[in-house]
There are 2 protein chains.
Amino acid sequence: MKGQRSATLDDVARAAGVSRATASRVVTGQGPASSRARDRVAAAVIELGYVPDAAARALASRSGTRLAIAVIGHTAAVLDDPYVGRVLTTAAHIAAEREVGVSLHWLPLNEPVTLAGLAGSRGLGGLLVVNPTRPALETVPRDLRGRVAAIGVGTRDVPSFDVDNRTGTEGVVRHLVSTGRRRIAMVTGPSWLPCGDRAVEAYQRVMRDSGGETRVVPGDFTAARGAAAAAEIMTRWPDTDAVFALSDLTALGVLDGLHALGVSVPGDVAVAGFDDIAFASLSRPALTTSTHPVEEIATAAARAVLDRDGSAPATFFPSTLVVRESA
Amino acid sequence: MKGQRSATLDDVARAAGVSRATASRVVTGQGPASSRARDRVAAAVIELGYVPDAAARALASRSGTRLAIAVIGHTAAVLDDPYVGRVLTTAAHIAAEREVGVSLHWLPLNEPVTLAGLAGSRGLGGLLVVNPTRPALETVPRDLRGRVAAIGVGTRDVPSFDVDNRTGTEGVVRHLVSTGRRRIAMVTGPSWLPCGDRAVEAYQRVMRDSGGETRVVPGDFTAARGAAAAAEIMTRWPDTDAVFALSDLTALGVLDGLHALGVSVPGDVAVAGFDDIAFASLSRPALTTSTHPVEEIATAAARAVLDRDGSAPATFFPSTLVVRESA
DNA sequence: CCCACACATGGAAGCGCTTCCACCGCAATA
DNA sequence: TATTGCGGTGGAAGCGCTTCCATGTGTGGG
């Protein structure tokens, strides 16, 4: 075995007895080529074990082959959220299928989104921004327009893909009401995340319709905050008989906080979450929640940017109630 | 605003009144440069908002700027493991710090590892293989040697970084023994994963020393398998008084399976896991486990490949017992 | 006062690929 | 037979960058 240097397109062209231009056309499948040329090049590719160099390709075609995922949040810890993990692995599947790479980035909240700085934007095939704020989206560089999608809330220029928080929330809260709960508290998402607003509105509407009062405490999608919120809620409103958290992670934290307080679930207080993460069914009591079709959302978003499909401004995916033990 | 085309090194050089070569030296920090040139170039970079093109850089320097993470497993579902998620986010941090991208790949088990095919290996700055088999590692192309590290078991040529399964397992099993358990069953990892062998040996040794018998059932690091394993164990050995799973996910599944069987934990059977994932403290009862310093492991591995530090053949990171309610 | 020897610098040659463009031959059209 | 048109092709020009090399500059020792 002597082939230290891996084969280049020139090697392939030479072996196939065609020009590099022709070889390129065959390999990329772009442009005309006689079946004879096609066969010879294909054979040479196999024989030499040729693998196109992604960097050279990106450079020459000025169109990147990498799908970047930027997660916005206060700290880099947002990268550890199971929700982000699911977005990422889903995107990785799509990317693998298109033979492009994936890169993961954290963008600090409130800083102008220097998306251009994402490891050399020229090599970018597409960009998925997770949980963006509208101001952040305004800073997306012009030359990236049409190759960006938001997972969460979008803007006129940036299409968005998100779960239907509104009907999802309605489903959960109505279920809580149907089991006789009236004094239902809600733990929201981070205040800077606009997608939570619709959920809060839906909660308020259902509560109004059923004659209950609203009790809202801010959350941040973490379990730690859920435990703290549970204590806060039971202190401010001791007669609370249900807690709905806009995140399973937070709901799990609520379960933990309630347990520490000696409150029984669902006996004294029912608890429901949102997202239906893998652990929701493993908790004791198993968590009642509403699905968050992250795989579908991320798939749609990834395909949209990779296909340069800048059509639909906002797509919402339905969420369905999953009743388990906690409510 | 007219700057459609983003700034190139040529623009910077022109603005700074130096040659492109000098500008390159300043930007990369390689090679000599007068402080005057340094200042002028730095100013131009700021003013023009210059961002180096990763693709061009990789092409010209023939040294990639991407950290690839390849996870080996039967199905692409391995990408969803929380362990892989932690490796990934940790690597993303290191990568961000070095200004390189990260890409995620799934490599089918038992297929020759065509690592060369990972989206154009020439652009690869480093490769982290998660849970490799030794045969897989043998297929790593020559030109990648020195830029590859294994997270799990390695080979002579590929350095490895892993948790110290042996002492970690000893700690957990000894703890079980110290609380009076003697009929302890163990749920292992996938049989093709060699790193689990040392754990099994450690378990067997402790059991032998304490006069207990060994009861081993195969696992695969999933929660579903844990539930099934629980049923299997209680059927084959109804007098089992403790279960140790080599993965928290599996242990959580065991908890679930035991609950379905009406077995109380830790009353009838104690349960312990391994990894100390975030949800271990949230389960009811909270899971007793042993830490898996994934962040440290992934950090060390990422730095090793990025720094071309092909020194230590195998590094093991200590695991410490975390006692909670389940055991 | 001259030679050596650093250091600093610009010119130029690529890295491996895509793509524009001119060109050739051949069938279909006039 | 003289035109058009077009699928197929190779030459060549880059994409933005790093890096080798030859060429100036300034310092010190002889």
Side-chain angles (χ1 to χ4, degrees), chain A residues 4-41 44-45 48-66 99-100 116 119-125 143, chain B residues 4-41 44-45 48-66 99-100 116 119-125 143:
Chain A
Q4 283 295 58
R5 203 179 104 281
S6 41
T8 72
L9 192 55
D10 271 314
D11 300 328
V12 172
R14 211 170 303 125
V18 300
S19 73
R20 176 158 32 120
T22 300
S24 173
R25 277 181 217 113
V26 173
V27 170
T28 59
Q30 308 287 343
S34 65
S35 59
R36 181 174 159 289
R38 222 181 293 276
D39 292 346
R40 297 179 60 100
V41 170
V45 165
L48 298 174
Y50 169 72
V51 178
D53 182 307
R57 191 169 265 196
L59 185 57
S61 66
R62 346 193 182 334
S63 79
T65 59
R66 188 162 45 84
E99 302 194 319
V100 308
S121 61
R122 263 175 292 259
L124 267 188
D143 57 336
Chain B
Q4 283 296 59
R5 204 180 103 280
S6 41
T8 73
L9 192 56
D10 271 316
D11 300 329
V12 172
R14 210 170 304 123
V18 298
S19 73
R20 175 158 30 117
T22 299
S24 173
R25 276 181 219 112
V26 173
V27 170
T28 60
Q30 307 287 344
S34 65
S35 59
R36 181 174 159 287
R38 219 180 295 276
D39 292 346
R40 296 180 62 101
V41 171
V45 165
L48 298 175
Y50 169 72
V51 178
D53 183 309
R57 192 171 265 196
L59 185 58
S61 65
R62 335 185 190 351
S63 78
T65 59
R66 189 162 43 85
E99 302 194 319
V100 309
S121 61
R122 261 176 293 259
L124 268 188
D143 57 336

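So that the names make sense, note that chain A is the first sequence line, chain B the second, and so on, each numbered from 1.
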Colleague: Rounded to whole Å, please give me the gap between CG in A/Leu9 and P in D/dA12.
Modeller: 17 Å
Colleague: Which heavy-atom pair separates A/Leu48 from A/Ala15 by the least distance, and what is that distance?
Modeller: CD1-CB, 4.1 Å
Colleague: Rounded to whole Å, please give me the gap between CG in B/Asp53 and P in C/dC17.
Modeller: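 These atoms are roughly 16 Å apart.
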Colleague: Just the rounded figure in Å: distance from C1' of C/dC15 to CG of A/Asp11.
Modeller: 13 Å
Colleague: Take the protein atom CZ of A/Arg62 and the nucleotide atom P of C/dT19, then report the distance between them rounded to whole Å.
Modeller: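 For the pair A/Arg62 CZ and C/dT19 P, the rounded distance is 8 Å.
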Colleague: In whole Å, I'd like the distance from the CG atom of B/Leu59 to the P atom of C/dG16.
Modeller: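 Distance, rounded to whole Å: 7 Å.
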Colleague: Rounded at 0.5 Å granularity, tell me how far CZ in B/Arg62 sits from CG in A/Asp53.
Modeller: 11.0 Å
Colleague: Check the distance between D/dC15's P and B/Asp10's CG and give it to me in whole angstrom.
Modeller: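 Rounding to the nearest Å, CG of B/Asp10 and P of D/dC15 are 9 Å apart.
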Colleague: How about A/Arg25 and A/Val18: do any of their side-chain heavy atoms sit closer than 4.5 Å?
Modeller: no
Colleague: Compare every heavy atom of B/Leu9 with every heavy atom of B/Tyr50, then report the nearest pair and how far apart it is.
Modeller: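 Smallest interatomic distance, heavy atoms only, reads CE1-N, 3.4 Å.
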Colleague: Angle between the two end axes of the helix from C/dC1-D/dG30 to C/dA30-D/dT1, five base pairs per end, rounded to 10 degrees?
Modeller: 40°
Colleague: How close or far is atom P of D/dC15 from atom CZ of B/Arg57, stated in whole angstroms?
Modeller: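 Taking atom P of D/dC15 as the reference, CZ of B/Arg57 is at 18 Å.
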Colleague: Can a side chain N or O of B/Ser24 be found less than 4.0 Å away from OP1 or OP2 on D/dC17?
Modeller: no
Colleague: Keeping the roles fixed (side chain from B/Asp39, backbone from B/Arg36), state whether a donor-acceptor pair exists under 3.5 Å.
Modeller: no
Colleague: Both A/Arg20 and A/Arg25 contact DNA chain C. Taking the nearest nucleotide for each, which residue is further toward the 5' end?
Modeller: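 In this pair, the answer is A/Arg20.
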Colleague: Nearest 0.5 angstrom please: A/Asp10 CG to A/Arg20 CZ, how far?
Modeller: 4.5 Å
Colleague: Which heavy atom of B/Ala23 sits nearest to which heavy atom of B/Ala13, and what is that distance?
Modeller: CB-CB, 3.9 Å
Colleague: Kindly point out which of D/dC15, D/dT19, D/dG16 is positioned nearest to the side chain of B/Ala56?
Modeller: D/dG16
Colleague: Whether B/Ser19 contacts C/dG11 is assessed here as follows: a side-chain N or O lying under 4.0 Å from the phosphate OP1 or OP2. Is that the case?
Modeller: no
Colleague: Using only atom types and a distance under 3.5 Å, with no angle test, would you say the side chain of A/Arg40 pairs donor to acceptor with the backbone of A/Arg38?
Modeller: no
Colleague: May I ask you to list the residues of residues 31-40 of chain B, by number, that have any heavy atom positioned under 4.0 Å from an atom of DNA chain D?
Modeller: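 Listed by number, there are none.
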Colleague: Between D/dT9, D/dT19, C/dT18, which nucleotide gets closest to the side-chain atoms of A/Thr28?
Modeller: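 Minimum distance to the A/Thr28 side chain belongs to C/dT18.
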